[in-house]
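Here is the structure we will look at, set down as structure tokens.
Each chain gets a letter, A, B and so on, in the order its sequence line appears, and its residues count up from 1. Only this structure's heavy atoms are used, side chains among them; waters, hydrogens and symmetry mates stay out.
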Number of protein chains: 4
Amino acid sequence: MARLAGSNGKATAKAIHKHSLELIARHGFAAVSMRMIADAVGVQPGALYQYHPTKQALLLDIMQKHLEALLQAWVKESQTELPAIEALERFARFHIRYNIKRPDEVFIAYMELRSLEPDEFKLIEELRRQYEDELKKIIAKGIKENSFKVEDAHVTAMATLAMLTGINTWYRSGGRLSQKKIEDIYVNMVLRSVGCERE
Amino acid sequence: MARLAGSNGKATAKAIHKHSLELIARHGFAAVSMRMIADAVGVQPGALYQYHPTKQALLLDIMQKHLEALLQAWVKESQTELPAIEALERFARFHIRYNIKRPDEVFIAYMELRSLEPDEFKLIEELRRQYEDELKKIIAKGIKENSFKVEDAHVTAMATLAMLTGINTWYRSGGRLSQKKIEDIYVNMVLRSVGCERE
Amino acid sequence: MARLAGSNGKATAKAIHKHSLELIARHGFAAVSMRMIADAVGVQPGALYQYHPTKQALLLDIMQKHLEALLQAWVKESQTELPAIEALERFARFHIRYNIKRPDEVFIAYMELRSLEPDEFKLIEELRRQYEDELKKIIAKGIKENSFKVEDAHVTAMATLAMLTGINTWYRSGGRLSQKKIEDIYVNMVLRSVGCERE
Amino acid sequence: MARLAGSNGKATAKAIHKHSLELIARHGFAAVSMRMIADAVGVQPGALYQYHPTKQALLLDIMQKHLEALLQAWVKESQTELPAIEALERFARFHIRYNIKRPDEVFIAYMELRSLEPDEFKLIEELRRQYEDELKKIIAKGIKENSFKVEDAHVTAMATLAMLTGINTWYRSGGRLSQKKIEDIYVNMVLRSVGCERE
DNA sequence: TATGAATGAGATTTCATTCAT
DNA sequence: GATGAATGAAATCTCATTCAT
């Protein structure tokens, strides 16, 4: 009918974001219908189009916001003057902590790349590349400092990221291991894998 | 119309498998229609139902066949009496070699779990668990033999698999590094990450 | 929000009329949405309902205003005491001149009759009939005066109107022929077609 | 569900054509929904897409088929060696007879030009131009033969066509005048309008 | 006088699936 | 073994309209 008493654009926008996130992470973008999202939000499907012109645009918004927030959070956390070993540890801990709290965003950013149109894909890939570069820079520094013993900087970065991000495939909060413990285990594995033993 | 001269069930079955694989890997199960598959195969959509009772069954068939073949291939390759270090190296090399040749199957087996019905999911999860157990056994052995220094057998197995399977996210045949070289780099990282330095 | 500083009802009403006219003429009533009109005017769709209770009413307003203005203009132009030949020429020149300046109104009045509700249709048809009757009266007079040689007054009127109104289907201002020249050509054709030669 | 016993593609295609024609002529292309057509035909809306890939394509098909049939019919009817006066009469009679039997096609071909996409429009315009050229050739011949007295060949052709096609706006079969009588009246008006008196 | 948020209905189109042939 | 014709349901998106603000 019309505008409901008490209805509020900002609140609806947030609700759409939240429920899209959950639904797309659980079922996949292609398997989630606008009706499902609308039902979750508590509006009619047509109302969604006040906030995103297409279903695609909704997906792009989710991915873009996530990656931009990730980058910004790392920029805040990182310290340029750190030795490579400490920088790597800091990166690993940051990555685990940030991602473990946002499993849906992380999952979507990785799984739904194929659902993007070419231009959208380029945009997201660029953001992802920027984040990967942060790790590559640390590894390159470690090599130059002679603190890391690795065969190939690029391969090492990819392998490290895969390992760290992989936590999300099995971690459930409240499980056998505390988050802190998991962080420690992974940090040790990562450091050993780049050939730097800590006693 | 009736059966076309020269039409052949076995060939059609294979073609369906091949094209489903490619299409589902590229676009995702939910985004692939039976018509798309039929077009790729060169038949009418109805013909697909001679080979798989539903679209779901087609997906299950693909995933099940892949995991069973993977397990069987590993059984053939593995040697029970090997020391853990060598067994881990053998496993890593096997995993890389096998998966790098079958990116579509691997991708689907990982990505489309959520597209399965509960019963189908249980079946596939059981196969996946069997494969993971092979790696866990090796790690457990290494711990008992005192050749590995790891904090947690389960976490180590998960992290190792994530690292190895992650190759598929960036590897393109004909790239900068030969497959052999990649194998070597990853084997070294894996061995170092479980705390066992070689030479 | 509330009324914008500088917003002005009269100006908005005029803008709605102008842009509706253009859009409906170009795309057809059914193909024009209230949103399209609102965008062209530069307001939100809801604002249109301050001026017309429904989309239908907007269309009726356009058609009615046009036909009433046409009739009034002819009343002003016509002179009852003229001989039929001169009256016919005057009518033809008037019709061409008036319509050639208002292609959108003419087009809509003819094309969108079917978009009207029965009652609206009756109202518009009555206005149109009044205008046709003006021509029929002239032709009847010419027959009585023996200055026209035609087989059927009604058919002649219909044919003449079709011919004259047809100009709008091909005329573009600034074309090969001046408006004056077109008028002359058509007047000659019309007069000849009712069998009255002028030397 | 599935193919119905006795269902037949050719018959359905014809039914779609017939009912689309009627509905679009009555309500206009934009105001006719695929569901309306499907209901008239007696199938589900989806079934229409076995015959035309889009609603647009259905419209184009109707217009193109009509204009091609019109041209072909005229080619069959025309005789190149006729004097211009007789050729014009023959054209006028053909046009009236052909169009009076197909009011829906004629109406759509004229009214729905604006519903076409640019490429479709070009295609239809070209066919329409070919038909107009047939009349223009006759008029040009009459001018060269000195049997017509007209000011401008193009304008005369346009005016003549408008007059003739205009019959469809008021003619209803079974009305006051027989079709033969209407033909005669219009032929006389047309001939007089090009300045050629017949006694 | 106008906006901003929403509705409920309906538009075109696609889909998995069926089954007579 | 495969086609050709169709279904019934659902998808994305648009629309006229409403009404609190």
Original post:
Between D:Met36 (CE) and E:dA11 (P), how many Å, whole number?
Top reply: 8 Å
Original post:
Can you tell me which stems DNA chain F forms when a stem means 3 or more consecutive Watson-Crick or G-U pairs under 3.5 Å?
Top reply: E:2-21 with F:2-21
**OP:** May I have the distance from D:Tyr49 (atom OH) to F:dA10 (atom C1'), rounded to whole angstrom?
**Re:** 14 Å
**OP:** Find which nucleotide of DNA chain E each of D:Arg35 and A:Pro45 is nearest to by heavy atoms, and output the residue with the more 5' nucleotide.
**Re:** A:Pro45
Original post:
Could you give the CD-to-P distance, from C:Gln50 to F:dT17, as a whole number of Å?
Top reply: 15 Å
**OP:** Measure the spacing between CD of C:Glu105 and CD1 of C:Ile62 and express it to the nearest 0.5 Å.
**Re:** 8.5 Å
**OP:** Report yes or no: does C:Gln56 contribute a side-chain atom to a donor-acceptor pair with the main-chain N or O of C:Ser115 at less than 3.5 Å?
**Re:** yes
Original post:
Mapping B:Leu48 and A:Thr54 onto DNA chain F by nearest heavy atom, which one lands closer to the 5' end?
Top reply: B:Leu48
**OP:** Output yes when at least one side-chain N/O atom of B:Thr12 is less than 4.0 Å from OP1 or OP2 of F:dG1, else no.
**Re:** no
Original post:
Tell me: NZ of D:Lys55 to P of E:dT13, nearest whole Å?
Top reply: 8 Å
Original post:
So do C:Ile108 and C:Phe29 actually touch side chain to side chain, heavy atoms under 4.5 Å?
Top reply: no
**OP:** Provide, to the nearest angstrom, the distance between the CD1 atom belonging to A:Ile37 and the P atom belonging to F:dC13.
**Re:** 11 Å
Subject >> Check ion pair C:Lys122-C:Glu125 (N to O, under 4.0 angstrom) >> reply: no
Original post:
For the atom pair CG (D:Leu58) and CD1 (D:Ile16), what is the distance rounded to the nearest 0.5 Å?
Top reply: 7.0 Å
**OP:** Determine, step by step, whether B:Leu113 and B:Phe121 satisfy the side-chain contact (heavy atoms from CB on, under 4.5 Å) criterion, reporting the C-alpha distance in whole Å, the side-chain angles of both residues, the deciding distance to 0.1 Å, and the verdict.
**Re:** CA-CA 7 Å; B:Leu113 286 170; B:Phe121 181 78; 3.9 Å; yes
Original post:
Between D:Asp61 and D:Lys65, does at least one N-O distance fall below 4.0 Å, as a salt bridge requires?
Top reply: yes
Original post:
Out of F:dA16, E:dT13, E:dA2, which nucleotide sits closest to the side chain of C:Met34?
Top reply: F:dA16
**OP:** Would you mind reading off the distance between D:Lys10 atom NZ and F:dA6 atom C1', rounded to a whole angstrom?
**Re:** 18 Å
Subject >> Any D:Gln44 side-chain N or O less than 4.0 Å from OP1/OP2 of F:dG8 >> reply: yes
**OP:** Nearest whole angstrom, please: distance from the P of F:dG8 to the CG of D:Asp39.
**Re:** 13 Å
Original post:
Starting at the 5' end of DNA chain E and moving along, which residue's nearest nucleotide shows up first, A:Gly46 or D:Val32?
Top reply: A:Gly46
Original post:
Taking CG from B:Leu59 and C1' from E:dA16, how many angstroms apart are they, rounded to a whole number?
Top reply: 15 Å
**OP:** Examine F:dA11: is either OP1 or OP2 under 4.0 Å from a nitrogen or oxygen in the side chain of A:Ser33? Give yes or no.
**Re:** yes
**OP:** Could you pick out which residue, B:Gly42 or D:Tyr51, lies toward the 5' side of DNA chain F when each is mapped onto its nearest nucleotide?
**Re:** B:Gly42
